[in-house]
Each structure stands twice: as C-alpha cells, then as structure tokens.
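These notes concern the structure reproduced below.
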Amino acid sequence: MKAIRIHEFGPPEVMKWEEVPDPRPGGQQVVVKIGAVGVNPVETYIRSGAYARLPVLPFTPGNDAAGVVEAVGEGVERVKAGDRVFLTGTISGAYAEKALCLETQVHPLPEKITFAQGAGVPTPYSAAYRALFQRAKAIPGEIVMVHGATGGVGIAAIQMAKASGMRVIGTGGTEKGRLLIAEQGAHHVLDHHAPGYLEKAIAFTGGRGIDVIVELLANVNLGKDLTVLARGGRVVVVGSRGPVEINPRDAMARDGAILGMLVTNASEGESRSIHAALVAGLESGTLRPMVGQEFPLREAVRAHRRILEPGAFGKIVLIP
Ligand SMILES: NC(=O)c1ccc[n+]([C@@H]2O[C@H](COP(=O)([O-])OP(=O)(O)OC[C@H]3O[C@@H](n4cnc5c(N)ncnc54)[C@H](OP(=O)(O)O)[C@@H]3O)[C@@H](O)[C@H]2O)c1
C-alpha cells in the first residue's frame with residue numbers, strides 16, 4: 001500500500017508518498033481500508049518536531065480517519081470485515097491507504113455519515129466534548145462562547161453546546177466562516193478581529209458575563225477572556241501557540257477558573273464516555289461534521305500548509 005512517511009522532522013516537504021508493506025492484524029487488532037483522513041493542527045507541530053511527545057522516526061502521521069474494516073485478528077468481537085468505522089487513533093498511522101488499529105480504536109460509522117465527515121470526527125469532536133463536559137462541566141442554560149468557532153474543534157463545540165441547551169456565542173475571522181457558524185446554530189456570531197467584539201458578547205449576556213469559554217487561541221485571547229467571564233465562569237484552554245500575559249485579579253474578581261485540556265489526557269473511562277457520546281451524536285444527527293476542503297492524500301504537504309493559514313472553514317480531509 002501507499003502511505004505518507006516522515007523520515008526527518010521539518011517543513012511540510014518532509015512528508016513523502018511511499019510504498020510500505022500492507023498491515024496484518026494480530027490479536028485484538030483490526031485493519032481498516034481508509035476512505036478519508038482528518039488533518040489536525042497537531043500533526044503539523046509533530047511533523048516539524050516542535051511538540052512535547054514525538055514519535056520515533058520514520059513514521060506515518062495522523063490519528064483520525066474513517067473507512068471499512070478489511071480484516072480482523074483473533075479475539076476481535078466489536079467489528080467484522082465490511083463494517084463502516086471511524087478511527088480514534090491507529091497503531092500504524094492514519095495518512096495511509098490502510099491502517100492497523102486496536103479494536104478499541106475502531107467505532108461504528110452510521111450510513112448517513114460520509115467517510116470524509118467521519119474523518120473529521122475523532123480529534124475535533126473529542127476535544128469539544130472533553131472541553132465542554134469533562135473539564136468545564138457546562139450545563140444546559142449556561143452561556144458558552146466558542147472563541148475560534150470556524151475550524152474543526154469550533155464547529156464541533158457549537159453543535160454540542162447548542163444540542164445540550166446552552167446559549168452559544170461563536171467567533172470567526174472571516175465573513176464566510178461567520179456564516180458557517182450561524183448555520184450551525186450559534187445564537188450570536190462575532191468577528192474576533194473586530195474592535196470591541198467582546199463588549200458585544202457581554203451585551204448578549206445582559207451584562208452578566210460568559211459562563212464557559214472554549215478557547216482555541218489562548219496566547220492571543222486568555223487575558224481578555226478573563227475580563228468577560230461571569231462569576232464562577234471557566235475558560236478551557238484547547239489551543240495555544242505561545243505564552244500570554246494575564247491579570248490574575250480578573251480571575252479573582254469573578255471566582256473564575258482557567259482549565260487546561262488535552263484529549264490524550266482522558267482516562268480510559270473518560271475516553272469510553274467520549275466515544276459513546278460521539279457515536280450517539282452521529283446516529284441522532286446532532287453531530288454533523290462539516291468538511292470544508294478535500295485534498296488527495298499524496299498532496300498532504302498542501303493540506304499542512306493550508307491548515308495553519310487564517311480563514312478556517314470546517315475540516316480539511318485527505319482522500320487516499
Ligand atoms: N487540547 C487538545 O487536546 C486539542 C485538540 C484539538 C485541537 N487542539 C488545538 O486547538 C486549536 C484549533 O484546532 P482546530 O482543529 O479547530 O484548528 P482549525 O480547524 O485550523 O481552526 C482554527 C481556529 O482558530 C481560530 N482563530 C484564528 N485566530 C483567532 C483569534 N484571534 N481568536 C480566536 N480564534 C482564532 C480560527 O478562526 P478563523 O480562521 O475564522 O480566524 C479557527 O476557528 C489548535 O491550536 C489545535 O492544535 C487542541
């Protein structure tokens with residue numbers, strides 16, 4: 001089969017399209033023929049070598065994909081050959097025509113969800129779920145602001161918060177992105193580059209402040225976030241690309257909390273809850289992954305450049 005291989009950390013061009021041996025399933029393992037691969041910003045950090053946990057070279061990047069089970073190893077009970085699935089991780093890497101997975105990394109993909117949509121589920125929807133429910137413990141009736149709502153995680157967070165009965169504010173950097181946020185059901189949409197936009201957010205809350213902020217770019221926004229929280233408000237830091245200065249008094253004055261979050265920190269039990277919620281949400285239709293752009297898998301270099309540019313619009317996926 002063909003796969004993207006990385007032999008050295010560096011710019012997007014270190015990703016090479018190569019022939020590799022087909023994977024064979026061992027006990028409790030599954031081989032999936034991949035229909036689409038989800039691209040996440042973290043894969044660009046890992047590829048460049050600028051990430052705390054780096055894989056051993058050479059490797060095939062990627063965690064998120066959807067496809068069809070091709071073969072199962074001994075002892076596999078949850079899936080069989082021919083089943084449509086999405087993957088929350090792999091053993092062999094997702095940027096490939098096939099992936100070797102643990103049985104626990106493979107989840108049923110409803111008929112109405114395409115492979116491209118399914119590839120947009122794992123990391124973004126897990127992050128949104130963990131941020132809203134496991135870290136912020138957001139509840140129906142609260143006001144949630146998704147600060148950076150136009151990309152993979154942001155769209156997922158808007159859909160989940162809306163479906164759970166929260167009042168939702170979403171921010172986007174382009175007109176096209178803001179229209180998308182409105183289409184996803186946000187009650188109020190703001191431009192995170194416009195002067196005074198956070199005053200509009202406060203006005204939307206009737207002056208009370210925001211209960212939960214899902215923050216996708218904390219190095220730019222964390223200091224400002226603390227000034228618009230309601231009493232007892234929480235900021236969940238999902239994304240950050242550098243340091244930031246805050247005034248701790250802004251948190252003190254509001255009994256506010258800053259909560260860090262990594263999907264990969266979820267315990268086994270928390271991961272099981274996340275995956276059950278994702279499967280249920282896909283089946284019920286409350287979760288509707290939005291694919292903005294598709295690239296051929298062999299052109300992963302272009303996708304890695306695109307995902308770091310401004311103007312997000314749903315998910316970027318690769319098609320083998
Ligand atoms: N902690 C975790 O476990 C975890 C999991 C998944 C992702 N993440 C991180 O979360 C971040 C977003 O991931 P993603 O997959 O959603 O990426 P993405 O699809 O590329 O979206 C990036 C988002 O950031 C927004 N943004 C840009 N400038 C902003 C600003 N000044 N203020 C607020 N938002 C701004 C973009 O909005 P516009 O383009 O419309 O301006 C867009 O909505 C990344 O840093 C990623 O590494 C963390």
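Just so you know, ligand 1 is whichever comes first in the structure, and atom 1 is the first atom listed for that ligand.
- With 3.5 Å as the limit, one finds a donor-acceptor pair spanning the side chains of Asp64 and Thr123.
- Only the side chain of Arg241 comes within 4.0 Å of ligand 1, judged by heavy-atom distances.
- At least one heavy atom of Ala149 sits closer than 4.0 Å to an atom of ligand 1.
- Residue-ligand proximity, Ile307 to ligand 1, at heavy-atom distances under 4.0 Å covers atoms 20 (O).
- Short contacts between ligand 1 and Val263, defined as distances under 4.0 Å to a heavy atom of the residue, involve ligand atoms 2 (C), 3 (O).
- Considering only heavy atoms from C-beta on, Ile91 stays 4.5 Å or farther from Cys101 through its side chain.
- Those atoms of ligand 1 with a heavy atom of Gly173 less than 4.0 angstrom away are 38 (P), 40 (O), 41 (O).
- The closest approach between Phe313 and ligand 1 stays at or above 4.0 Å for every heavy atom of the residue.
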Using the rule given for ring-ring contact (aromatic ring centres under 6.0 Å, His included), can you reason through Tyr125 versus His275, listing the C-alpha separation, both sets of side-chain angles and the distance that settles it, and then say yes or no?
CA-CA 9 Å; Tyr125 281 79; His275 301 153; over 10 Å; no
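- Evaluated by nearest non-hydrogen atom to atom 11 (C) of ligand 1, the leading choice among Leu190, Leu216, Val146, Asp225 is Leu216.
- Atoms of ligand 1 found under 4.0 Å from any heavy atom of Ala127 (numbered from 1 in listed order, with element): 5 (C), 6 (C).
- Here Met261 has heavy atoms under 4.0 Å from ligand 1 in both its backbone and its side chain.
- Between Val32 and Val68, the closest side-chain pair of non-hydrogen atoms is not below 4.5 Å.
- For atom 7 (C) of ligand 1, the nearest protein heavy atom (residue, atom name, distance) is Val153 CG2, 3.6 Å.
- Evaluated by nearest non-hydrogen atom to atom 18 (P) of ligand 1, the leading choice among Ala128, Ser126, Gly151 is Gly151.
- In this pair, His188 and Phe204 present their aromatic rings parallel. The plane angle is below 30°, not in the 30 to 60° band.
- The proximity of Ile316 to ligand 1, defined as any non-hydrogen pair under 4.0 Å, does not occur for either the backbone or the side chain.
- For Ala312, heavy-atom contacts with ligand 1 shorter than 4.0 Å involve the backbone as well as the side chain.
- Looking at every heavy atom in both residues, Val31 comes nearest to Pro23 through CG2-O, 3.6 Å.
- In this structure, Arg5 fails the cation-pi test against Phe59, since its NZ or CZ atom is not both closer than 6.0 Å to the six-membered ring centre and inside 45 degrees of the ring normal.
- When side chains are defined from C-beta on, Trp17 counts as touching Leu297, because their heavy atoms get closer than 4.5 Å.
- Only the side chain of Leu217 comes within 4.0 Å of ligand 1, counting heavy atoms alone; its backbone N, CA, C and O stay farther away.
- In this structure, Ser126 and Leu278 have side chains that are in contact, with non-hydrogen atoms separated by less than 4.5 Å.
- With a 4.0 Å cut-off on non-hydrogen atoms, Leu308 does not touch ligand 1 at all.
- Close approach of ligand 1 to Tyr45 is summarised as follows: ligand atoms under 4.0 Å from at least one heavy atom of the residue are 44 (C), 45 (O), 46 (C), 47 (O).
- Residue Gly148 has at least one N or O atom closer than 3.5 Å to an N or O atom of ligand 1.
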Do His304 and Tyr95 pass the ring-ring contact (aromatic ring centres under 6.0 Å, His included) test, and can you show the C-alpha distance, the side-chain angles, and the key distance before you say yes or no?
CA-CA 12 Å; His304 271 214; Tyr95 286 31; 5.8 Å; yes
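- Here the CD1 atom belonging to Ile143 is positioned 5.0 Å from the CZ atom belonging to Arg208, to the nearest 0.5 angstrom.
- Close approach of ligand 1 to His147 (heavy-atom distance below 4.0 Å) involves ligand atoms 33 (C), 34 (N).
- When only non-hydrogen protein atoms are considered, atom 43 (O) of ligand 1 lies nearest to Thr150 OG1, 2.7 Å.
- Of all the atoms in ligand 1, the ones that sit under 4.0 Å from a non-hydrogen atom of Gly152 are 16 (O), 19 (O).
- Within the structure, the closest approach of Gly177 to ligand 1 does not fall below 4.0 Å when heavy atoms are considered.
- Nearest to atom 32 (N) of ligand 1 by heavy atom, out of Asp191, Val238, Asn221, is Asn221.
- In Glu13, the CD atom is crowded: over 12 heavy atoms of neighbouring residues, nucleotides or ligands sit closer than 6.0 Å.
- At least one side-chain heavy atom of Lys2 sits under 4.5 Å from a side-chain heavy atom of Glu19.
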